[in-house]
2 protein chains.
Amino acid sequence: MREEEFDVFAQLCPSREMFADLADKWSMLILMSLAACGPQRFSELQRGVGGVSRKMLTQSLRNLERSGLVLRTVFPETPPRVVYDLLPLGRELAELLSPLGRWTEGHALQMLAAREEFDAAHARD
Amino acid sequence: MREEEFDVFAQLCPSREMFADLADKWSMLILMSLAACGPQRFSELQRGVGGVSRKMLTQSLRNLERSGLVLRTVFPETPPRVVYDLLPLGRELAELLSPLGRWTEGHALQMLAAREEFDAAHARD
DNA sequence: AGACCTGGTCTATATTCGAGACCGCTCGAC
DNA sequence: GTCGAGCGGTCTCGAATATAGACCAGGTCT
């Protein structure tokens with residue numbers, strides 16, 4: 001029993017909603033950065049994940065925090081420090097995500113070549 | 001040598017551009033569907049990937065085709081059939097993606113619970 | 001004192017998405 | 001033969017979303 005309970009391919013399945021939230025450029029890069037560089041504060045993450053705006057960083061982090069993947073800790077020093085770290089659930093996920101990043105880096109050239117070929121073939125129309 | 005050549009975290013790196021294209025709900029689900037159910041025609045994919053519009057399906061498939069991940073074949077029968085299948089590059093990627101889908105299905109409940117807890121904690125403000 | 005870093009929020013604009021109409025073609029039912 | 005449906009798309013429109021950048025109240029550095 002409980003096989004087939006959840007299905008990411010089904011539009012109305014809760015797991016699909018979760019998948020749609022996680023299958024996002026910034027969320028994935030944030031988790032990968034936390035996995036690769038350890039706990040980081042807000043501005044470290046912003047520098048680590050090149051090109052992310054403060055708004056999207058805040059938004060994605062809140063989402064990850066809400067889903068129990070990331071822990072946000074405020075150290076009440078002066079000035080206060082805010083540090084983000086992976087929770088066990090987030091670490092599990094990040095371990096599936098990191099290979100994806102490495103694969104992309106390793107195959108970027110092949111994909112770029114395919115794109116040029118495709119574009120050349122379709123320019124002749 | 002050639003270590004550090006590509007870096008998905010760098011905003012201007014070609015691999016990051018590729019990553020941004022692939023780290024997309026529909027592209028990932030399409031690759032996963034092709035990996036799980038084998039070659040499929042356009043309308044089969046549309047039914048398989050619940051909730052995708054024809055527009056986004058076309059767009060994502062073109063993108064995957066352009067990057068050399070997916071092969072589009074038109075069988076000149078009457079009426080013509082259009083079949084999409086994974087190329088080796090796409091199959092490699094799909095093999096990293098599928099675990100992600102299964103993980104999401106397996107941990108959806110935990111994440112939903114975390115969300116409820118988070119929302120409850122922040123409603124008391 | 002003036003400039004910068006911190007962790008954000010807010011707004012205005014640009015981009016993207018989803019819903020649905022439309023298309024020409026072919027098939028099966030009536 | 002004609003009505004409706006399925007095929008593989010394209011086009012358009014309004015709504016949702018992303019990006020860029022200003023702003024903020026503190027504290028630190030020079």
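Throughout, protein chains are lettered first and strands after them, A, B, ... in sequence-line order, and every chain is numbered starting at 1.
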Whole-Å distance separating the [atom1] atom of [X] from the [atom2] atom of [N]:
X	N	atom1	atom2	result
B/L61	D/dG8	CG	P	11 Å
A/L57	C/dT9	CG	P	11 Å
A/E77	C/dG7	CD	P	11 Å
A/E65	C/dG7	CD	P	14 Å
B/M56	C/dA19	CE	P	11 Å

Counting heavy atoms from C-beta on, name the nucleotide in [options] closest to the side chain of [X].
X	options	answer
A/R72	C/dT9, D/dG8, C/dG7	C/dG7
B/R62	D/dT19, C/dG8, D/dG9	D/dG9
A/Q59	D/dT28, C/dC27, D/dA18	D/dA18
B/Y84	D/dG9, C/dG7, D/dT19	D/dG9

Under 3.5 Å donor-acceptor, A/Q40 side chain and A/S33 backbone | yes

Should A/D119 and B/R66 count as an ion pair when the cut-off is N to O under 4.0 Å?
-> yes

Does the distance from a Lys or Arg side-chain N to an Asp or Glu carboxylate O, for A/R115 and B/D21, drop under 4.0 Å?
-> yes

In this structure, which one of A/D24, A/V52, A/V70, A/L29 forms a side-chain contact (heavy atoms from CB on, under 4.5 Å) with A/S60?
-> A/D24

Could you list by number each residue of residues 21-55 of chain B showing a heavy-atom separation from DNA chain C of less than 4.0 Å, or answer none if no residue does?
-> B/K25, B/W26, B/R54, B/K55

How many angstroms lie between OG in A/S27 and CG in A/L93, if you round to the nearest 0.5 Å?
-> 9.5 Å

Does the side chain of A/W103 come within less than 4.5 Å of B/L89's, by heavy atoms?
-> yes

